[in-house]
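Worksheet: one structure, shown below.
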Amino acid sequence: MARAAEGEAAPRRRVTYAEAARILATRDPVLARLVEATGLMRLSRPKMSPFEALVQAIVYQQLAGPSARAIHGRLIAAMPDGVEPEALLALSDSTLRTVGLSTNKVRSLRDLATKVLDGTVVVSPRGLSRQSDDEIVACLSTVRGIGPWTAQMFLIFQLRRFDVWPVGDLGIRHGYGLAWGVPTPTARELDPLGDPFRPYRTVLAWYCWRAAELYAGAGESALTR
């Protein structure tokens, strides 16, 4: 397996996910088989603003899909002029509880909106483009209820960053073990295993999710649609 050069920088020209998948396939035969079996990586473009995406992430935490969608839909309906920090803070606790949010999620959403307004958390596309992945994770992790995993999913699916490696994600760890024929690695064990795939570890993560679907017989998930 060819290891990327130490300190390899992200490419100057932004490649497509398909191009990155082809590049990684030349580096590793297991990844090449995954690409052949599941096709080239695809990722839908975000339909929400960064703030909307973070609100949704908090609402969806620890909830089954239908329940999360229903609560999120009611919350959006309570802000008919748009999902903005000011609109969210203007909603009473009673209204937020009525839509189905727990006390903890009400606190998390208020903390997010407050920190966006005071500048602690940046959600403008231009501001986010100036921050590194690590800076964004550190910043978002100051918000009540947002941890590294949620921040990393935000980097992948909202900001479309190419070199995110969420080693704490059980699906990725499970998929890596199935694809490479090793026991499911711990987060610490998985971390260096992504190094040969820099600066496209997001692509590796996507194929690990696909491997979990392919080899464990799981259906296609929202992560890989």
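Residue numbers start at 1 and run along the sequence shown. Hydrogens, waters and symmetry mates are skipped; everything else that's a heavy atom, side chains included, is used.
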Worksheet, complete the sentence: residues 89-102 vs side-chain hydrogen bond (donor to acceptor under 3.5 Å, both in side chains), sequence neighbours excluded, gives S92-T95, D93-R110, R97-T103
Discussion item. Please list all pairs meeting side-chain hydrogen bond (donor to acceptor under 3.5 Å, both in side chains) that have one or both residues in residues 76-90, counting only residues at least two apart or in different chains.
Written reply: none
Response to the item:
Taken in chain and number order and not counting sequence neighbours, the residues that satisfy salt bridge (charged side-chain N to carboxylate O under 4.0 Å, His left out) with D191 are none
Worksheet entry | Test salt bridge (charged side-chain N to carboxylate O under 4.0 Å, His left out) applied to D133 - qualifying residues, sequence neighbours left out | R161
Worksheet entry | M48: hydrophobic cluster co-members (side-chain, 4.5 Å) | none
Item to complete: Output the rest of the hydrophobic cluster of L117: all Ile, Leu, Val, Met, Phe, Trp and Tyr residues reachable through side-chain heavy-atom contacts under 4.5 Å, sorted by chain and number.
Response: L89
Worksheet item: Using the benzene-type ring in the case of Trp, are the ring centres of F162 and Y17 under 6.0 Å apart?
Response: yes
Considering residues at least two apart in sequence or located in another chain, which fulfil the side chain to side chain contact (heavy atoms under 4.5 Å, CB included) criterion with [X]?
X    : answer
P80  : none
A57  : T150
P50  : V123, L128, F154, Q158
S132 : D134, E135

Response to the item:
Sequence neighbours excluded, the answer for ring-ring contact (aromatic ring centres under 6.0 Å, His included) partners of H72 is Y60
Worksheet item: Among pairs that include at least one residue of residues 89-128, which meet ring pair (Phe, Tyr, Trp, His ring centres under 6.0 Å), considering only residues two or more places apart or in two chains?
Response: none
